[in-house]
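Each chain gets a letter, A, B and so on, in the order the sequences are listed, and its residues count up from 1.
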Protein chains: 2
Amino acid sequence: MTAIETAVPGVPAEGTRARVERAALDLFTLRGFEQVTTDEVADAAGISRRTFFRYFATKADAVWGDFAAHVARLEELLADADPAQPVLGSVCAAYVEVNDYVAAELPLLRERMRLILTEPALLAHSQLRYAEVDRVVARYVAARSAGRETDLVPRLVAATTRAAATTAFQAWLRDERSALGDHLRQAFAELTAGFPALLR
Amino acid sequence: MTAIETAVPGVPAEGTRARVERAALDLFTLRGFEQVTTDEVADAAGISRRTFFRYFATKADAVWGDFAAHVARLEELLADADPAQPVLGSVCAAYVEVNDYVAAELPLLRERMRLILTEPALLAHSQLRYAEVDRVVARYVAARSAGRETDLVPRLVAATTRAAATTAFQAWLRDERSALGDHLRQAFAELTAGFPALLR
DNA sequence: TTGCCGCGTGGCACCGGGTGTCATTAGCCT
DNA sequence: AGGCTAATGACACCCGGTGCCACGCGGCAA
């Protein structure tokens with residue numbers, strides 16, 4: 001496969017990153033993450049393998065988009081949360097809001113998340129990304145409950161809410177027509193109420 | 001570094017696996033997972049690199065011991081659980097019991113878990129191992145609640161209880177003299193009660 | 001215009017994890 | 001003794017990731 005546009009050295013590239021992401025997503029979705037080499041992705045995007053690794057630290061990073069901005073937004077939402085609201089409620093609300101995408105972005109999100117939650121190598125890698133999210137949440141809970149970020153409860157809230165969110169994403173992926181927000185709210189409702197669906 | 005015992009080809013090896021695990025654990029703990037090559041581990045254990053990968057599918061697998069047996073025991077505990085007990089309680093109890101180690105095994109467990117939860121590459125890899133655990137738990141919850149393994153609630157229980165268990169392990173690692181069971185019970189108590197520690 | 005410089009780029013060599021293949025060797029069975 | 005099985009080790013290879021260097025474009029100053 002050859003390049004659509006030949007890259008010009010010395011030029012700021014202007015949209016190269018997005019083009020590489022598209023090529024990566026397409027190839028990974030089509031043939032599977034492990035079956036595609038970084039050489040092929042780079043080639044499809046019209047850059048060299050070496051340059052690919054200047055845009056993305058690892059092969060896996062090419063599917064995450066601007067995840068750092070996502071985490072930053074979550075952090076802002078938590079910082080702006082009403083202190084009168086319960087801590088756990090604020091965390092869940094922030095998760096719901098940060099994942100409130102406009103309709104046009106949903107297909108891309110689906111593609112990303114399908115890869116991340118389906119491909120073993122990407123699922124493993126996700127743990128490293130989600131660790132950043134956990135730290136943000138744990139820090140917030142610690143601050144609100146006058147504890148330390150490394151205490152059991154802040155970490156527990158971070159780990160379990162994130163697990164719930166991930167599970168909601170899985171459910172969303174399985175049902176093409178469902179709304180992500182509904183799954184998230186249902187998952188958090190179960191979690192915060194101690195799984196009432198299991199009472200019998 | 002040279003071998004303690006030179007391996008004899010054709011002989012069943014008898015304890016080679018355990019020797020490799022020890023060498024790996026020692027080296028990883030001493031110098032860090034990524035800083036040690038599989039060549040060095042193999043050499044320290046007196047085998048070739050190629051043979052190392054016959055005992056362990058990946059470098060990371062050398063720190064997990066017989067994890068499949070661990071998962072199998074959890075599955076048995078769940079199968080033998082009292083059907084009169086609440087589902088969630090059975091899952092938590094099984095987690096506590098499967099992690100009820102005799103004192104002599106605790107230092108080894110600490111070493112393993114410290115590596116797994118501290119080294120980024122191992123933390124990422126852990127996701128793949130824990131996915132097996134999640135499936136076992138989700139299957140049990142689905143069976144008890146007349147649902148499917150892929151439904152939201154079974155997956156949710158599996159993901160959140162496992163997240164709670166992992167968090168308990170982290171707390172245990174931070175406190176040298178604490179009991180793992182105490183952390184697990186406390187984490188599960190918080191989880192199943194909807195985090196009462198956060199009420200204010 | 002000429003010459004210099006910064007920077008994105010690509011080529012290349014290298015490292016390390018992981019795999020397929022093949023020859024070697026020992027124990028065992030007949 | 002001869003043949004079979006199974007564990008091993010050597011070798012070549014693939015691929016992700018990195019360090020290094022040379023190239024070429026645009027911009028800037030003289």
> Taking only residues two or more places apart in sequence, or in another chain, which ones meet B:F56 in a ring-ring contact (aromatic ring centres under 6.0 Å, His included)?
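For B:F56, the residues satisfying ring-ring contact (aromatic ring centres under 6.0 Å, His included) (neighbours in sequence not counted) are B:F52.
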
> Among residues at least two apart in sequence or on other chains, which ones pass side chain to side chain donor-acceptor pair (under 3.5 Å) with B:R112?
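Once residues adjacent in sequence are excluded, B:R112 has no partner under the side chain to side chain donor-acceptor pair (under 3.5 Å) criterion.
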
> Give a yes or no on whether a donor-acceptor pair under 3.5 Å exists between the nucleobase atoms of C:dG18, that is its base, and the side chain of B:R50.
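By the distance-only test, no, there is no pair.
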
> Taking only side-chain nitrogens and oxygens of A:Y55, does any of them come within less than 4.0 Å of OP1 or OP2 of C:dG8?
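Negative; the distance criterion is not met.
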
> Using the C1' atoms of five pairs at each end, what's the angle between the two axes of the helix from C:dT1-D:dA30 to C:dT30-D:dA1, to 10 degrees?
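Taking the rotation axis at each end, their angle is 10°.
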
> Ion pair present between B:R114 and B:E119, side-chain N to carboxylate O less than 4.0 angstrom?
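B:E119 and B:R114: not salt-bridged.
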
> Among residues at least two apart in sequence or on other chains, which ones pass ring-ring contact (aromatic ring centres under 6.0 Å, His included) with A:Y95?
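With neighbours one apart ignored, the set is A:F188.
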
> Could you list, one pair per line, each protein nitrogen or oxygen that sits under 3.5 Å from a nitrogen or oxygen of nucleotides 13-17 of chain D, together with the distance?
| from | atom 1 | to | atom 2 | distance (Å) |
| --- | --- | --- | --- | --- |
| D:dG16 | OP1 | A:V36 | O | 3.4 |
| D:dG16 | OP1 | A:K59 | NZ | 3.0 |
| D:dG16 | OP2 | A:T38 | N | 3.1 |
| D:dG16 | OP2 | A:T38 | OG1 | 3.1 |
| D:dG17 | OP2 | A:K59 | N | 2.5 |
| D:dG17 | N7 | A:R49 | NH1 | 3.3 |
| D:dG17 | N7 | A:R49 | NH2 | 2.7 |
| D:dG17 | O6 | A:R49 | NH2 | 2.7 |

> Does any pair with a residue in residues 134-156 of chain A pass ring-ring contact (aromatic ring centres under 6.0 Å, His included), and if so which ones, sequence neighbours excluded?
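Of all non-adjacent pairs touching residues 134-156 of chain A, none passes ring-ring contact (aromatic ring centres under 6.0 Å, His included).
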
> Under 4.0 Å between a side-chain N/O of A:T51 and OP1 or OP2 of C:dG10, yes or no?
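For C:dG10, OP1/OP2 do have a side-chain N/O of A:T51 under 4.0 Å.
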
> Among all residues two or more places apart in sequence or in another chain, which pass the salt bridge (charged side-chain N to carboxylate O under 4.0 Å, His left out) test with A:R135?
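Once residues adjacent in sequence are excluded, the partners of A:R135 under the salt bridge (charged side-chain N to carboxylate O under 4.0 Å, His left out) criterion are A:E149.
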
> Only distances under 3.5 Å count here; give the side-chain donor-acceptor pairs of residues 57-75 of chain B to other protein atoms, sequence neighbours excluded, each with its distance to 0.1 Å.
| from | atom 1 | to | atom 2 | distance (Å) |
| --- | --- | --- | --- | --- |
| B:T58 | OG1 | B:A60 | N | 3.3 |
| B:T58 | OG1 | B:D61 | N | 3.2 |
| B:T58 | OG1 | B:D61 | OD2 | 3.1 |
| B:K59 | NZ | B:F33 | O | 2.8 |
| B:K59 | NZ | B:V36 | O | 2.7 |
| B:D61 | OD1 | B:H125 | NE2 | 3.2 |
| B:D61 | OD1 | B:R129 | NE | 3.4 |
| B:D61 | OD1 | B:R129 | NH2 | 2.7 |
| B:D61 | OD2 | B:T58 | N | 3.2 |
| B:D66 | OD1 | B:A69 | N | 3.3 |
| B:H70 | ND1 | B:Y101 | OH | 3.4 |
| B:R73 | NH2 | B:E97 | O | 3.2 |
| B:E75 | OE2 | B:R139 | NH2 | 3.2 |

> Suppose we screen for side chain to side chain donor-acceptor pair (under 3.5 Å). Which residues come up paired with B:T166, at least two apart in sequence or across chains?
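With neighbours one apart ignored, the set is empty.
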
> Please compare B:R54 and A:F56 by the position of their nearest nucleotide in DNA chain D and report the one closer to 5'.
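Nearest nucleotide further toward 5': that of B:R54.
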
